[in-house]
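Read the structure below first, then the notes.
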Amino acid sequence: MSITLPSNSKMLTSDFIFGVATASFQIEGATTADNRLPSIWDTFCATPGKVKGTDNGDIACDHYYRWEKDIQLIKDLGVDAYRLSIAWPRVMDEKGEANQAGLNFYRNLLKKLKAEGLTVFVTLYHWDLPQHLEDKGGWLNRETAYQFKHYADLVTKELAEWVDSWATFNEPFCAAILGYELGIHAPGLSEPKYGRQAAHHILLAHGLALPVIRKNAPTSQVGIVLNMNRSYAASEKSEDQFACLMRETLDNQFFIEPLMKGQYPQLLNTVAPQYLPTILPGDMDIIAQPIDFLGMNFYTCNHNAYDADALFKDVKNSDTVEYTDIGWEIAPHALKDLLVNLHQQYKLPPIYITENGAACADDIIDGEINDEQRIRYLDGHINAVHQAIEAGVDIRGYFAWSLMDNFEWAEGYSKRFGLTYVDYNTQERTIKHSGHAYRALLNSRPF
């Protein structure tokens with residue numbers, strides 16, 4: 001089983017980059033090493049009933065101590081680029097001053113990645129807010145946006161030399177809505193009005209950080225990473241069409257429209273003003289500053305029926321479709337639909353697919369992991385990116401999620417997304433069939 005693209009695909013030229021991605025809390029472990037501060041995810045994991053199996057990030061993939069071998073693993077997959085995130089609690093103390101021990105970890109890691117010829121994409125915030133900032137209100141506190149600016153300034157001053165691309169945030173939707181409105185993620189708050197205010201402060205933090213990153217890293221690209229699912233209506237009924245519109249507006253447009261147009265969706269003013277945050281004068285100009293790229297994380301789609309209270313509710317697809325081990329529908333066509341739709345709505349900067357992958361019920365048998373479903377998933381979605389490029393969307397790269405199995409947030413270690421299998425007892429890494437198939441695609445390129 002293989003991953004193949006049409007021989008004339010622009011994705012097979014040297015201008016297009018393929019990579020793998022990870023996030024600090026999900027792989028590093030070493031949560032108390034070298035003066036690292038507690039994060040909201042350390043606290044969340046220690047709260048009974050929040051994370052499956054009472055799992056935590058204390059060891060994770062032990063990447064903090066195994067990073068040199070993990071770089072060799074990245075090289076073994078034959079990719080052009082690696083996307084990682086910096087752990088805010090690892091690089092600063094409570095006074096906001098540099099923690100050199102933590103910075104040295106990233107400095108050594110980044111230097112080695114560059115020495116190996118890899119293009120380096122760094123995300124500044126992949127959800128691990130220092131707990132001491134959450135104690136002061138976290139993303140509900142406007143001051144946190146200014147603290148982020150200070151953090152971005154310090155990190156980019158220290159590390160810019162070895163980074164090709166900076167993203168301010170990974171998935172503001174998840175950080176804000178799952179963390180502050182639905183309570184599924186850290187810090188586990190569940191107040192309807194909190195989510196959108198947290199989101200506004202995250203977008204504000206992004207805008208505040210842009211000028212300092214540009215000053216400290218003038219040769220790097222700077223952008224942000226959004227996650228989007230394509231929304232579909234459960235039926236042709238007008239109320240289901242409306243439900244789909246509301247889902248699309250709240251999940252997707254609420255995050256991209258401020259960045260591209262300096263406003264929240266106008267529809268909300270009339271239909272659902274309760275979803276609009278408190279905005280201070282000048283905020284939207286800060287948020288809407290130009291970015292060099294937009295990162296897009298995509299996994300699945302959703303189907304929506306009308307609900308009198310919530311305006312929409314998730315319903316299962318009525319067609320016979322395939323689902324991954326985490327219960328997400330496999331829908332490559334939805335990725336193409338999403339990208340083409342956004343291209344028609346906005347004057348977009350260049351796009352990178354910064355995460356795309358599948359959780360599968362992987363078993364290691366005789367030293368091999370035959371994850372056929374993941375190979376089919378990757379083949380379908382990589383071809384959907386090709387089709388979007390053919391339709392005129394400017395997409396410059398694709399990152400498979402993830403380099404290896406890791407801590408899957410509220411799911412703990414119960415879900416495996418990696419191209420590499422991790423035995424959490426021994427920390428042994430084994431490249432899955434999907435990893436070999438991905439490498440074969442990259443090695444088939446003519447350059």
Side-chain angles (χ1 to χ4, degrees), residues 10-24 27-28 63 67-68 70-88 90-91 103-126 151-171 206 209-226 259 289-297 348-356 385 389 394-403 438 442 445 447:
K10 291 176 183 171
M11 295 172 74
L12 296 174
T13 66
S14 57
D15 292 338
F16 192 91
I17 67 167
F18 281 95
V20 285
T22 63
S24 52
I27 66 167
E28 286 178 1
H63 174 73
W67 62 270
E68 289 177 277
D70 286 340
I71 290 178
Q72 190 52 52
L73 181 62
I74 296 164
K75 289 292 291 178
D76 288 347
L77 287 170
V79 297
D80 314 310
Y82 178 49
R83 175 178 175 244
L84 67 145
S85 77
I86 305 283
W88 187 346
R90 206 178 279 293
V91 296
L103 283 163
N104 284 340
F105 165 71
Y106 292 111
R107 196 175 284 113
N108 293 333
L109 175 67
L110 295 170
K111 276 184 182 174
K112 180 69 171 167
L113 289 165
K114 292 308 295 177
E116 292 289 352
L118 289 154
T119 302
V120 177
F121 281 61
V122 169
T123 304
L124 285 165
Y125 187 84
H126 201 127
Y151 157 65
D153 188 26
L154 182 144
V155 169
T156 51
K157 266 184 190 144
E158 295 267 358
L159 304 177
E161 186 181 338
W162 307 284
V163 178
D164 300 288
S165 174
W166 293 97
T168 52
F169 284 86
N170 179 77
E171 303 185 351
H206 155 79
L210 284 178
V212 300
I213 300 170
R214 291 197 196 283
K215 175 168 67 72
N216 295 339
T219 60
S220 302
Q221 293 184 303
V222 192
I224 190 171
V225 172
L226 302 182
L259 296 164
Q289 291 171 88
I291 49 178
D292 301 321
F293 74 94
L294 176 66
M296 180 65 64
N297 294 353
L348 297 170
I351 291 175
Y352 290 86
I353 306 302
T354 32
E355 287 180 27
N356 177 239
V385 174
I389 293 170
D394 184 4
I395 306 168
R396 307 281 179 91
Y398 173 95
F399 290 78
W401 182 269
S402 171
L403 165 65
Y438 193 52
L442 307 194
R445 296 177 292 178
F447 57 90

- Query: Just by modelled atom types, is the Gly78 backbone N or O under 3.5 Å from a matching donor or acceptor in the Tyr438 side chain?
  - Reply: no
- Approximate separation, where rounding is to 0.5 Å, of Glu116 CD and Lys111 NZ: 15.0 Å
- Note on the structure: Here the pair of heavy atoms bringing Trp401 nearest to Ala23 is CH2-N, 3.7 Å
- Audit row: Ser402, Thr22, side chain to side chain donor-acceptor pair (under 3.5 Å) steps and yes/no: CA-CA 6 Å; Ser402 171; Thr22 63; 5.9 Å; no
- Message: Tell me which one of Asn170, Asn297, Thr123 satisfies side chain to side chain donor-acceptor pair (under 3.5 Å) with Thr354.
- Response: Asn297
- Query: Looking only at heavy atoms, what is the nearest atom pair of Gln289 and Pro211, with distance?
  - Reply: OE1-CG, 3.7 Å
- Hey, what do you get for CG (Leu77) to CZ (Phe18), rounding to the nearest 0.5 Å? 13.5 Å
- Message: Tell me if a side-chain donor or acceptor on Asp164 pairs with a main-chain N or O of Phe121 at a distance below 3.5 Å.
- Response: no
- Query: Any side-chain heavy atom of Lys157 within less than 4.5 Å of one from Asp153?
  - Reply: yes
- Is it the case that more than 12 heavy atoms not belonging to Lys10 sit under 6.0 Å from its NZ atom? no
- How about Tyr125 and Tyr151: are their ring centroids closer than 6.0 Å? no
- Show the numbers, then the answer: is there a salt bridge (Lys or Arg N to Asp or Glu O under 4.0 Å) between Arg107 and Glu158? CA-CA 8 Å; Arg107 196 175 284 113; Glu158 295 267 358; 2.4 Å; yes
- Tell me, with the steps shown, if Leu348 and Asp394 meet side-chain contact (heavy atoms from CB on, under 4.5 Å). CA-CA 8 Å; Leu348 297 170; Asp394 184 4; over 6 Å; no
- Residue pair Leu84 / Leu113, side-chain heavy-atom distance below 4.5 Å: yes
- Query: Which distance, rounded to the nearest 0.5 Å, do you find between the CH2 of Trp162 and the OG of Ser220?
  - Reply: 12.0 Å
- Under a 4.5 Å cut-off applied to non-hydrogen side-chain atoms, are Phe16 and Arg445 in contact? no
- Do you know the tightest heavy-atom contact between Thr168 and Ala209? CG2-CB, 4.3 Å
- Query: Measuring from Lys75:NZ to Leu118:CG, what's the distance to the nearest 0.5 Å?
  - Reply: 5.5 Å
- Between atom CD1 of Ile389 and atom CD1 of Ile395, what is the distance when rounded to the nearest 0.5 Å? 4.5 Å
- Heavy-atom distance under 4.5 Å between the side chains of Arg90 and Phe105, does that happen here? yes
- Message: Can you give me the closest heavy-atom contact between Leu154 and Leu103, atom names plus distance?
- Response: CD2-CD1, 4.0 Å
- Minimum-distance pair of heavy atoms, taken over all atoms of Tyr106 and Leu159: CB-CD1, 3.9 Å
- Message: Working note: Asp292 + Arg214, criterion salt bridge (Lys or Arg N to Asp or Glu O under 4.0 Å); need CA distance, chi angles, decisive distance, verdict.
- Response: CA-CA 11 Å; Asp292 301 321; Arg214 291 197 196 283; 2.9 Å; yes
- Query: Does a side-chain heavy-atom distance below 4.5 Å link Asn216 with Val155?
  - Reply: no
- Which pair of non-hydrogen atoms, one from Thr156 and one from Ala152, has the smallest distance, and what is that distance? OG1-O, 2.6 Å
- Between CD1 on residue Ile224 and CZ on residue Phe293, distance to nearest 0.5 Å: 9.0 Å
